[in-house]
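Reviewing the structure listed below.
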Amino acid sequence: MAAVKIDSRMLNNLISSIKRWRKPANKGPRVIARNDHNISRREISRAALTVMKRLQDAGYQAYIVGGGVRDLMLGGHPKDFDVATDATPEQAKELFRGARIVGRRFRILHARIGREVIEVTTFRGHHSDGEEHEARQSEHGMLLRDNVYGDLESDAMRRDFTVNALYYTTNGFAIHDYTGGVEDIEKRLIRMIGKPTTRYKEDPVRMLRAVRFAAKLDFAIESKTAEPLQELAPLLRNIAPARLFDEILKLLMSGQGERTFEHLHRYHLWQHLFPDNARQIEKSPAALELTRRALRNTDKRIQADMRVTPAFLYAALLWPAVNEEQQKLVEKGIPPAPALAQAAQKITSNQLAHTAIPKRFSIPMREIWDLQHRLPQRGGSRAQRQTEHPRFRAAYDFLLLREESGEIEAGLGKWWTDFQQADDELRQQMVRKLQRSGGGNRRGRNSRSGRRRKPRAAE
Ligand code: ATP
Ligand code: MG
């Protein structure tokens, strides 16, 4: 008789089946057979199907999980597919040429199929089952490392929300549901798996994710899942600013920014992301209006497949605070231009303590602010030159938003609209007309910094 070769995977499977055997019997998953759900393999990207098949052919389990299954069940078009498997990242890497293992907190394999990258994650385990050094927790209960491997069931329990813990496999074409996710999709509820407080402490970003999915899917947040949000919101301070920045882009720049903002505000999370904005919108209806309009504008552009940049959004969110700070400095006698630069510096560095803003966005953001100060100055060849500034278009859009929000009176925006539409001759006429009426080199009469141009002695 040939000797049976036991490799490490078989050994792991054996160990986990012994562990399962020791555990009290559970109900097991709800399995929804292929005829009882609406997911068809035709809606799944070729790359995800290839990854699943290659894992299965090598003797591993492979499931699509997360947003892919959730969005397909809701009749939407998932933006990507994640695959969960019992192969370790190293084992899976063997199967895909050029695949890379990424991440520290969670080690994930990026498998490249054609142009698509599929994230392959190994089933996560319960921490009590794992080796100490593979999982680490901070003093706040935050998970610093979470690389304990397990089986399909433990993987489901380690996911965030029930609607994100549905597994679909082409091996049988069934959906496996360990947490009641199918029912919550029907009820349109975001429900945390396990004890919400513990799960938020493990990873405070889950608070933002709850709100993000509620806004994106137009679901309600189940009451026990929503309840701890206000109290635990300060934990967002413990998240690395770079991760928070990525999360903010997903929150505010995925097409439902305005609705997401309303949720973040309602659940007291906003003030921990954008404290300066939160303070301003409490005291100024124009600041609230500017915030809403900037987000609405971004949503509309995304829906119309137009380019959006975080620079514009950050410019809008921080502008009311910059504006207020600038005025304080002007009142102290600092001229408007340097006052604006100093205010921009201060408010930007305040924000950096909360969320990172990569330089490639903070520089254009400050240029947009700087142009607010320059757009009223249109005399001579200035107007023409301003239109050639790489940030002119964004600054002009921003000016319109400020007028629409009621921060400043309308007028200048219309002038710039006409100027852009005019031919050379008309442009020259427009500038001459300004000069005749004595305008053009001054800041707009309605801009608050413009009003303060009198020498201090005369005040
Ligand atoms: P999206 O449509 O935004 O991609 P998604 O649900 O696929 O939504 P991802 O961030 O791509 O979200 O994560 C994939 C899956 O990984 C999630 O559905 C969830 O099951 C799990 N997951 C991601 N982040 C966490 C987290 N912080 N805690 C627990 N599980 C998580
Ligand atoms: Mg996803």
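Counting starts at 1 for both ligands and their atoms, following the listed order. Quantities reported herein were computed from a predicted structural model and do not represent experimental measurements. Hydrogens, waters and symmetry mates play no part in the numbers below; they use all other heavy atoms, side chains included.
Among the atoms of Arg199, none of the N or O lies under 3.5 angstrom from an N or O of ligand 1. In terms of polar-atom proximity, Asp203 is counted as a contact of ligand 1, with an N or O under 3.5 Å from an N or O of the ligand. Residue Lys250 has no nitrogen or oxygen atom sitting less than 3.5 Å from a nitrogen or oxygen atom of ligand 1, judged on distance alone. Between Gly67 and ligand 1, at least one N/O pair is under 3.5 Å apart.
Remark: Asp276 does not engage Lys346 in a salt bridge, criterion side-chain N to carboxylate O under 4.0 Å. Between Glu183 and Arg30 no salt bridge is recorded (no basic side-chain N to carboxylate O distance below 4.0 Å).
Here the protein heavy atom with the shortest distance to atom 28 (N) of ligand 1 is Arg206 NE, 2.8 Å. Regarding atom 24 (N) of ligand 1, its nearest protein heavy-atom neighbour is Arg209 CZ, 3.2 Å. Nearest protein heavy-atom neighbour of atom 6 (O) of ligand 1: Arg70 NH1, 2.9 Å. Of the protein's non-hydrogen atoms, the one nearest atom 19 (C) of ligand 1 is Asp160 OD1, 3.4 Å. Shortest contact from atom 15 (C) of ligand 1 to any protein heavy atom: Arg159 NH1, 3.5 Å. When hydrogens are left out, the protein atom nearest atom 11 (O) of ligand 1 is Asp82 OD2, 3.5 Å; that is the closest non-hydrogen contact. Residue, atom and distance of the protein heavy atom nearest to atom 4 (O) of ligand 1 are Lys79 NZ, 2.7 Å.
When every heavy atom of Val69 is checked against every heavy atom of Ile39, the shortest pair comes out as CG1-CD1, 3.8 Å. Scanning all heavy atoms of the two residues, the minimum distance from Arg366 to Ala341 falls at NH2-O, 3.7 Å.
For the pair Glu403/Glu409, no side-chain contact is recorded, criterion being any heavy-atom separation below 4.5 Å from C-beta on.
A centroid separation of less than 6.0 Å is found between the aromatic rings of Phe274 and Tyr314.
Contact annotation for Phe213 and ligand 1: only side-chain heavy atoms (C-beta onward) come within less than 4.0 Å of the ligand.
Compare Arg212, Glu202, Lys216 by their heavy atoms: the one nearest to atom 2 (O) of ligand 1 is in Lys216.
With hydrogens and angles ignored, the 3.5 Å screen pairs a side-chain donor or acceptor of Arg188 with a backbone N or O of Leu217.
More than 12 heavy atoms of other residues, nucleotides or ligands lie within 6.0 Å of CZ in Arg243, so this atom counts as buried by the packing criterion.
For residues 279-305, no residue pair satisfies the ring-ring contact (aromatic ring centres under 6.0 Å, His included) rule, not counting sequence neighbours.
With sequence neighbours left out, Pro275 forms a side-chain contact (heavy atoms from CB on, under 4.5 Å) with Arg279, Gln351, His354.
Closest N/O/S atom of Asp80 to the Mg ion (ligand 2): OD1.
Near Gly66, meaning under 4.0 Å from one of its heavy atoms, ligand 1 places the atoms 18 (O).
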